[in-house]
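The structure presented is a predicted model; accordingly, all values stated were derived computationally and were not measured. The residues of the chain are indexed from 1 along the displayed sequence.
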Amino acid sequence: MAHRLLGLGDNTVDTYVDRGLQFPGGNAVNVAVLARRLGAQAGYLGCIGTDEAGMLLIGALRQEGVDTGQCRVLPGGNARAFIGHDGNDRRFLRSERGVRGQWGSFGAADLAYVAGFDLVHSSVYSELEAELETIRGAARLLSYDFSERWTDANLAATLPALDIAFLSFPGGSDAECRALLERCIGQGARIAVVTRGAQGSMALSDGAFHAHGISAARIVDTLGAGDGFIAAFILRLLHGAGLAEALAAGADHAAMVCGYQGGFGHGAAWSVPPGLAIA
């Protein structure tokens, strides 16, 4: 039976200003779509604008078979990230918040929807810190991606609510990454994972530590690779795999995601609107 995964929170439209292209994305969106492609039943709950970007995003989600029935579609612009490139590697220029974060309150219908999934995944970009305890009360399992934006304050505030914590630390030594994992477990997470770019990944749970390298990839675009890692890692755990197998699955899927543009494709043409300052 397929597991059910909900992406909760952030979305954006990744806008490649130097290539004239835009792609639906965002951590919670990408994880939901990529989990769906790996065989999960998936939903997405977030704030989506009514402009061109928002319609691109929700259209792509529906084409991918991701449920959007509980989304908040709000008047105004969708979140958008402006991205340049150094070769195939991305460089973020700036972003627009749009309607992101205009949640209002989480009601009974939202919590009932959350409770219908095996695992809920959110992120540091989702602006849901104040709701995490409420969400945790409804969710069977809760995972969360801190990306590289982990701080003493947000770790202390967030980790007690989490089953799985993902963090990015590409510049960290082996010892620093292991210390970070131990800290996350000590502050409440059941499983902690650090991704390290070209250095692979590490994970810790129940005193068991594992490390894994990267998988060979044909790199077209690195955007979304970390989200691909998360989706595959989560699903392997839900299927009963151990940490070592889950890390290997994450590495393989991250490499595959590097093989196409955008977090999961669905690119559309984009041109700079008159008067828009990007830099």
Side-chain angles (χ1 to χ4, degrees), residues 2-12 14 23-44 60-61 63-66 88-90 117-123 125 141 143-148 163-170 177 191-205 210-267:
H3 289 287
R4 290 176 55 79
L5 182 146
L6 175 65
L8 173 62
D10 68 300
N11 70 69
T12 192
D14 293 311
F23 296 89
N27 177 265
V29 164
N30 290 343
V31 171
V33 169
L34 296 172
R36 175 76 179 116
R37 289 183 176 180
L38 289 171
Q41 296 179 26
Y44 171 69
L61 285 165
Q63 287 179 49
E64 291 287 341
V66 174
N88 289 326
D89 204 11
R90 65 188 183 275
F117 291 85
D118 298 311
L119 182 141
V120 177
H121 176 77
S122 192
S123 82
Y125 301 105
L141 294 169
S143 66
Y144 189 92
D145 184 17
F146 290 91
S147 186
E148 293 183 56
D163 293 289
I164 310 173
F166 294 96
L167 310 95
S168 181
F169 196 6
C177 289
I191 299 170
V193 183
V194 170
T195 55
R196 309 175 64 198
Q199 302 303 309
S201 58
M202 294 180 172
L204 178 66
S205 180
H210 296 272
H212 191 82
I214 60 172
S215 297
R218 182 182 69 88
I219 297 178
V220 173
D221 184 358
T222 59
L223 192 72
D227 303 332
F229 177 98
I230 289 170
F233 181 94
I234 286 170
L235 289 184
R236 284 300 176 100
L237 288 186
L238 290 177
H239 282 290
L243 287 183
E245 183 181 338
L247 289 173
D252 287 346
H253 196 223
M256 189 189 78
V257 172
C258 288
Y260 50 78
Q261 286 193 310
F264 57 94
H266 294 269

Identify each donor-acceptor pair in which a side-chain atom of residues 29-42 lies under 3.5 Å from a protein atom, sequence neighbours left out, and give them as a table.
| from | atom 1 | to | atom 2 | distance (Å) |
| --- | --- | --- | --- | --- |
| Asn30 | ND2 | Gly26 | O | 3.4 |
| Asn30 | ND2 | Asp227 | OD2 | 2.8 |
| Arg36 | NE | Gly65 | O | 3.3 |
| Arg36 | NH1 | Ala40 | O | 3.3 |
| Arg37 | NE | Glu64 | OE1 | 3.1 |
| Arg37 | NH2 | Glu64 | OE2 | 2.6 |
| Arg37 | NH2 | Phe264 | O | 2.8 |
| Gln41 | OE1 | Arg4 | NH1 | 3.0 |

(message) If I take atom CG from residue Leu167 and atom OG1 from residue Thr195, how far apart are they, to the nearest 0.5 angstrom?
(response) 8.0 Å

(request) Scan residues 253-264 for pairs that pass salt bridge (Lys or Arg N to Asp or Glu O under 4.0 Å), counting only residues two or more places apart or in two chains. (result) none

(message) Minimum heavy-atom separation for Gly43 and Phe117, please, with both atom names.
(response) N-CE2, 3.6 Å

(message) Rounded to the nearest 0.5 Å, what separates atom CD in Gln199 from atom CZ in Phe169?
(response) 12.0 Å

(request) Using side-chain contact (heavy atoms from CB on, under 4.5 Å) as the criterion, list what pairs up with Thr12, not counting sequence neighbours. (result) Asp14, Ala79, Ala81

(request) Quick one: closest heavy-atom pair of Asn27 and Ser123, and the distance? (result) OD1-CB, 3.3 Å

(request) Please determine, by modelled atom types, if His212 and Ser201 share a side-chain donor-acceptor pair under 3.5 angstrom. (result) no

(request) Could you tell me the separation between the CD1 atom of Ile164 and the CD1 atom of Ile234, rounded to the nearest 0.5 Å? (result) 5.5 Å

(request) Output yes when a side-chain donor or acceptor of Tyr44 lies under 3.5 Å from a complementary backbone atom of Gly9, and no otherwise. (result) yes

(request) Keeping the roles fixed (side chain from Asp10, backbone from Ala28), state whether a donor-acceptor pair exists under 3.5 Å. (result) yes

(request) Any side chain to side chain donor-acceptor pair (under 3.5 Å) involving residues 228-248? Give me the pairs, sequence neighbours left out, ordered by first then second residue. (result) Arg236-Glu245

(request) For Phe166 and Ser143, work out which heavy atoms get closest and say how close. (result) CE1-CB, 4.1 Å

(request) Report the residues that fulfil side-chain contact (heavy atoms from CB on, under 4.5 Å) with Leu141, sequence neighbours left out, ordered by chain and then residue number. (result) Leu119, Asp163, Arg190, Leu238

(message) For His210 versus Leu243, what's the shortest heavy-atom pair and its separation?
(response) CD2-CB, 3.5 Å

(request) Would you indicate whether the side-chain heavy atoms of Leu61 and Asn11 approach each other to under 4.5 Å? (result) no

Report all side-chain donor-acceptor pairs from residues 249-259 shorter than 3.5 Å, counting only partners two or more places apart or in another chain.
| from | atom 1 | to | atom 2 | distance (Å) |
| --- | --- | --- | --- | --- |
| Asp252 | OD1 | Ser215 | OG | 2.5 |
| His253 | ND1 | Gly228 | O | 2.8 |

(message) Set out, in order, the CA-CA distance, both residues' side-chain angles and the distance that settles side-chain contact (heavy atoms from CB on, under 4.5 Å) for Phe233 and Leu247, then state yes or no.
(response) CA-CA 6 Å; Phe233 181 94; Leu247 289 173; 3.7 Å; yes

(message) Go through it in stages, so that I can follow the logic: the residues are Phe23 and Leu223, the test is side-chain contact (heavy atoms from CB on, under 4.5 Å), and I'd like the CA-CA distance, side-chain angles, deciding distance and then a yes or no.
(response) CA-CA 10 Å; Phe23 296 89; Leu223 192 72; 5.7 Å; no

